[in-house]
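Note that the structure is a prediction, hence the values are computed from the model and not measured.
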Amino acid sequence: SRGDLLVVEGKALRTIAGVFDDAADRAPTKVWLRYEDLTYTFEQAHEAIVRAAGGLAELGVGRGTKVLATMRNSPEYLFTWFAVPYLGAILTTVNPKSEREELTGLIGQVRPRAIVTDDELRDVIEASAAAVWPETTVVLADDLMRSPHNAPGSPARPDDVPEARVRLLDSEVGLEG
C-alpha cells in the first residue's frame, strides 16, 4: 500500500486509485487491459494514470476539484477515470452522445475546473463550455497521456475527498436533488 488506507470505526477504507496501485505493485507485468490491438500491463496503466493525474494537477485539479469527462471508449478514458480520484478530485462522466444543449446544461451545473475529452468531441465541448462556464479548461485525454509531469505523491486517501454528496442532474428540466 502507498499510504492511502484510512481506518474508520474499525473498517479499512480505500480509494479506487489506492486499490489499483496495490494491484500494480503485486502484478506489474500482468495484462490489465486489451483494447483493439493495444495491450496494457498494470505497470503501463499505472504510469499512464500517474501522468494523466500530473497533467490534471498542472491545470489546478486537486482535492475537491470537479472534473467532467466525456469521450469515446478508449484506454485514455479509463486512465482519466482513475487519474481524477488519484488527486482527490470529483469526476463527473457524461455520455459522449449527449446533444450540445444537454452538454451545455451539464457543464453549467457541474462547473468543472477541467473537461477531459477526445479530438472528435472537442469543438462541441469547447463551444458548450464557453457558453456557460468559460473558466473551465478543455483538455484532450491524449494530451494528458503525454504530460511530462507525474502526480504528486501517493493516491488521495478517503479522507482527502470531500464528503460524498448525491446529486441528480437533469439537464432537460433543471432538477437538482
K.L.:
Leu140 and Leu56: same hydrophobic cluster, using ILVMFWY side-chain contacts below 4.5 Å?
P.N.:
no
K.L.:
Where do Phe42 and Val31 come nearest, in terms of heavy atoms and distance?
P.N.:
CE1-O, 4.1 Å
K.L.:
Kindly compute the distance separating CD (Glu99) from OG1 (Thr104), expressed to the nearest 0.5 Å.
P.N.:
11.0 Å
K.L.:
May I have the step-by-step check of side-chain contact (heavy atoms from CB on, under 4.5 Å) for Ile115 and Thr137, ending in yes or no?
P.N.:
CA-CA 6 Å; Ile115 300 174; Thr137 300; over 6 Å; no
K.L.:
Which atoms form the tightest heavy-atom contact between Ser147 and Gly54, and what is the distance?
P.N.:
OG-C, 4.0 Å
K.L.:
What orientation do His46 and Phe20 show, parallel under 30°, tilted 30 to 60°, or perpendicular over 60°?
P.N.:
parallel
K.L.:
Does the side chain of Thr80 come within less than 4.5 Å of Met71's, by heavy atoms?
P.N.:
yes
K.L.:
Evaluate the side-chain proximity of Ile125 to Thr70: yes if any heavy-atom separation is below 4.5 Å, no if none is.
P.N.:
yes
K.L.:
So which atom in Ala83 and which in Ala53 form the shortest heavy-atom distance, rounded to 0.1 Å?
P.N.:
CB-N, 3.6 Å
K.L.:
Considering only heavy atoms from C-beta outward, does the side chain of Trp81 approach that of Thr93 to under 4.5 Å?
P.N.:
yes
K.L.:
Can any side-chain N or O of Arg113 pair as donor or acceptor with the backbone N or O of Thr65 at less than 3.5 Å?
P.N.:
no
K.L.:
Below 4.5 Å, heavy atoms only, C-beta onward: do Glu76 and Asp142 meet side chain to side chain?
P.N.:
yes
K.L.:
When you measure from the side chain of Glu126 to the backbone N and O of Asp123, does any donor-acceptor pair fall under 3.5 Å?
P.N.:
no
K.L.:
What is the distance from atom CD1 of Ile107 to atom CH2 of Trp133, rounded to the nearest 0.5 Å?
P.N.:
12.0 Å
K.L.:
What I'd like to find out is whether the side chain of Val116 reaches to under 4.5 Å of the side chain of Leu144, using heavy atoms alone.
P.N.:
yes
K.L.:
Could you tell me whether the side chain of Val67 reaches within less than 4.5 Å of the side chain of Ile90, counting heavy atoms only?
P.N.:
no
K.L.:
Hey, what do you get for CZ (Arg100) to OG (Ser128), rounding to the nearest 0.5 Å?
P.N.:
5.0 Å
K.L.:
Could you check if a side-chain atom of Leu59 sits within less than 4.5 angstrom of a side-chain atom of Val139, using non-hydrogen atoms only?
P.N.:
yes
K.L.:
Tell me whether the centres of the aromatic rings in Tyr35 and Tyr40 are closer together than 6.0 Å.
P.N.:
no
K.L.:
Under 3.5 Å, is there a donor-acceptor pair between the side chain of Trp32 and the main chain of Ala45?
P.N.:
no
K.L.:
Check whether more than 12 heavy atoms from other residues, nucleotides or ligands sit under 6.0 Å from atom CZ of Arg72, and answer yes or no.
P.N.:
yes
K.L.:
Should the heavy atoms of other residues, nucleotides or ligands under 6.0 Å from CG of Asn95 be counted, would the total exceed 12?
P.N.:
yes
K.L.:
Any chance you could measure Thr92, atom OG1, to Arg111, atom CZ, to the nearest 0.5 Å?
P.N.:
13.5 Å
K.L.:
Side-chain contact test, heavy atoms from C-beta onward, threshold under 4.5 Å: evaluate it for Tyr86 versus Asp21 and give yes or no.
P.N.:
yes
